[in-house]
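The figures here come from the full heavy-atom set of this structure, side chains too, leaving out hydrogens, waters and symmetry mates.
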Amino acid sequence: MLTGVTTERGAMPAKPQRVVRAAVPADAEQVAAIFAHYVTTSVATFEEVAPAAAHWRQRLADRAARNLPFLVAEDVLAETGGVVCGYAYASPWRPKPAYRHTVEDSVFLAPGCTGRGIGSALLGSLLAGCAAAGARQVIAVIADTGNDASAALHRRFGFIQAGLLAGVGRKHGRWVDTLLMQKDLAPVSQAR
């Protein structure tokens, strides 16, 4: 980021502006790179092999066909264009028809982009997109690693703990628990 650097004339360069927008196929390479970081370095995902950009283009097309949001956050500078610093999307919770109004959210940030409000911008926009798509419930499936950042983000948006599955994943030589959190998107007059 160029903040605090001066140009030859002494003027401060423009700060990047954050934009949250619908993902497009051209974003697949950057999304794949962000996800690959988590596949190889963490248990934030239970994937063990990072999918290629073609997989992400297909996932984007699948979400579009289902009218589910797939968003990216980018830092935009007029001189350099946009750099994807995070992404979020919704997936069907389960394939059975009775679950059609319940989705699972996924939010991932590029290394070095945490603590800047990007996760909040993405999750807020994603929840609005889920509501617009007719979702009633959003489920967060969070690897319980002792790092509370993802759970804290979801709590800020009104998710409540719905359960803890002990030792359901094995990655990097250890068993990992999964925290389930849930948010009801139904208007108060339609709740339960």
Side-chain angles (χ1 to χ4, degrees), residues 20 22-74 83-96 99 102-115 118-123 125-127 129-130 133 135 137-155 157 159 161-183:
V20 174
V24 296
D27 297 321
E29 294 289 339
Q30 292 182 79
V31 167
I34 292 169
F35 191 68
H37 167 78
Y38 291 97
V39 170
T40 59
T41 67
S42 77
V43 295
T45 174
F46 285 178
E47 293 283 351
E48 294 181 335
V49 176
H55 167 85
W56 289 103
R57 283 189 286 277
Q58 181 56 49
R59 188 172 285 194
L60 175 59
D62 178 64
R63 297 312 172 277
R66 296 172 185 264
N67 195 34
L68 292 174
F70 194 132
L71 308 171
V72 295
E74 63 180 352
V83 175
V84 173
C85 50
Y87 67 91
Y89 63 88
S91 300
W93 169 240
R94 295 285 182 258
K96 295 180 179 157
Y99 289 117
T102 302
V103 296
E104 178 180 344
D105 75 328
S106 294
V107 180
F108 286 92
L109 302 179
C113 290
T114 60
I118 297 166
S120 292
L122 281 165
L123 185 54
S125 296
L126 185 72
L127 292 173
C130 289
Q137 300 290 329
V138 181
I139 308 297
V141 181
I142 301 168
D144 188 22
T145 63
N147 178 350
D148 194 44
S150 185
L153 170 65
H154 284 82
R155 276 193 295 276
F157 281 87
F159 283 76
Q161 184 170 333
L164 181 69
L165 304 173
V168 294
R170 184 160 178 83
K171 187 172 177 186
H172 299 310
R174 64 184 177 114
W175 291 103
V176 182
D177 299 342
T178 299
L179 172 66
L180 300 177
M181 298 184 80
Q182 180 175 358
K183 178 168 178 64

Task: Minimum heavy-atom distance V84-Q30, with the two atoms named - done: N-OE1, 2.8 Å
Task: Residues in salt bridge (charged side-chain N to carboxylate O under 4.0 Å, His left out) contact with D144, at least two apart in sequence or another chain - done: none
Task: Considering all heavy atoms, the nearest H37-T41 contact - done: O-OG1, 2.6 Å
Task: Qualifying side-chain hydrogen bond (donor to acceptor under 3.5 Å, both in side chains) pairs with a residue from residues 84-95, counting only residues at least two apart or across chains - done: R59-Y89, R63-S91
Open item on the list: Could you report the tightest heavy-atom contact between S120 and L153, atom names first, then the distance?
Closed with: OG-CD1, 3.6 Å
TODO: Identify, with sequence neighbours excluded, every residue that meets side chain to side chain contact (heavy atoms under 4.5 Å, CB included) alongside A22.
DONE: none
TODO: State whether the side chain of Q182 and the backbone N or O of A162 hold a donor-acceptor pair below 3.5 Å, judged by distance alone.
DONE: no
TODO: Compare every heavy atom of V107 with every heavy atom of A88, then report the nearest pair and how far apart it is.
DONE: CB-CG2, 3.9 Å
Open item on the list: N67: which residues meet the side-chain hydrogen bond (donor to acceptor under 3.5 Å, both in side chains) condition with it, sequence neighbours left out?
Closed with: none
Task: Pairing residues for R170 by the salt bridge (charged side-chain N to carboxylate O under 4.0 Å, His left out) criterion, not counting sequence neighbours - done: none
Task: Qualifying salt bridge (charged side-chain N to carboxylate O under 4.0 Å, His left out) pairs with a residue from residues 35-46, counting only residues at least two apart or across chains - done: none
Task: Minimum-distance pair of heavy atoms, taken over all atoms of G86 and I34 - done: N-CD1, 3.9 Å
- [ ] Report yes if some heavy atom in the side chain of R174 is under 4.5 Å from a heavy atom in the side chain of V43; otherwise report no.
- [x] yes
Open item on the list: I'd like to check the side chain to side chain contact (heavy atoms under 4.5 Å, CB included) partners of A54; sequence neighbours left out, ordered by chain and number.
Closed with: R57
Task: K171 side-chain N/O to E48 backbone N/O, donor-acceptor pair under 3.5 Å - done: no
- [ ] Apply salt bridge (charged side-chain N to carboxylate O under 4.0 Å, His left out) to D177 and list each qualifying residue two or more places apart in sequence or on a separate chain.
- [x] none
Open item on the list: My understanding is that only residues two or more places apart in sequence, or in another chain, count here; which of them pass side chain to side chain contact (heavy atoms under 4.5 Å, CB included) with T178?
Closed with: F46, V141, L165, V168, L180
TODO: Mind checking the CD1-NE2 spacing from I139 to H154? Nearest 0.5 Å is all I need.
DONE: 10.5 Å
Task: Pairs involving residues 24-33, ordered by first then second residue, that meet salt bridge (charged side-chain N to carboxylate O under 4.0 Å, His left out) (sequence neighbours left out) - done: R21-D27
Task: Qualifying residues under side chain to side chain contact (heavy atoms under 4.5 Å, CB included), relative to L109, sequence neighbours excluded - done: Y38, T114, I118, L122
Task: Smallest separation among heavy atoms of P69 and G129, with atom names - done: CG-C, 3.8 Å
- [ ] Report the residues that fulfil ring pair (Phe, Tyr, Trp, His ring centres under 6.0 Å) with F35, sequence neighbours left out, ordered by chain and then residue number.
- [x] W56, F108
Open item on the list: Side chains of L68 and C130, heavy atoms from C-beta outward: is any pair under 4.5 Å?
Closed with: no
TODO: Find the distance between OG (S150) and CD1 (I142) and round it off to the nearest 0.5 Å.
DONE: 3.5 Å
Open item on the list: Is the shortest side-chain heavy-atom distance between D105 and F159 below 4.5 Å?
Closed with: yes
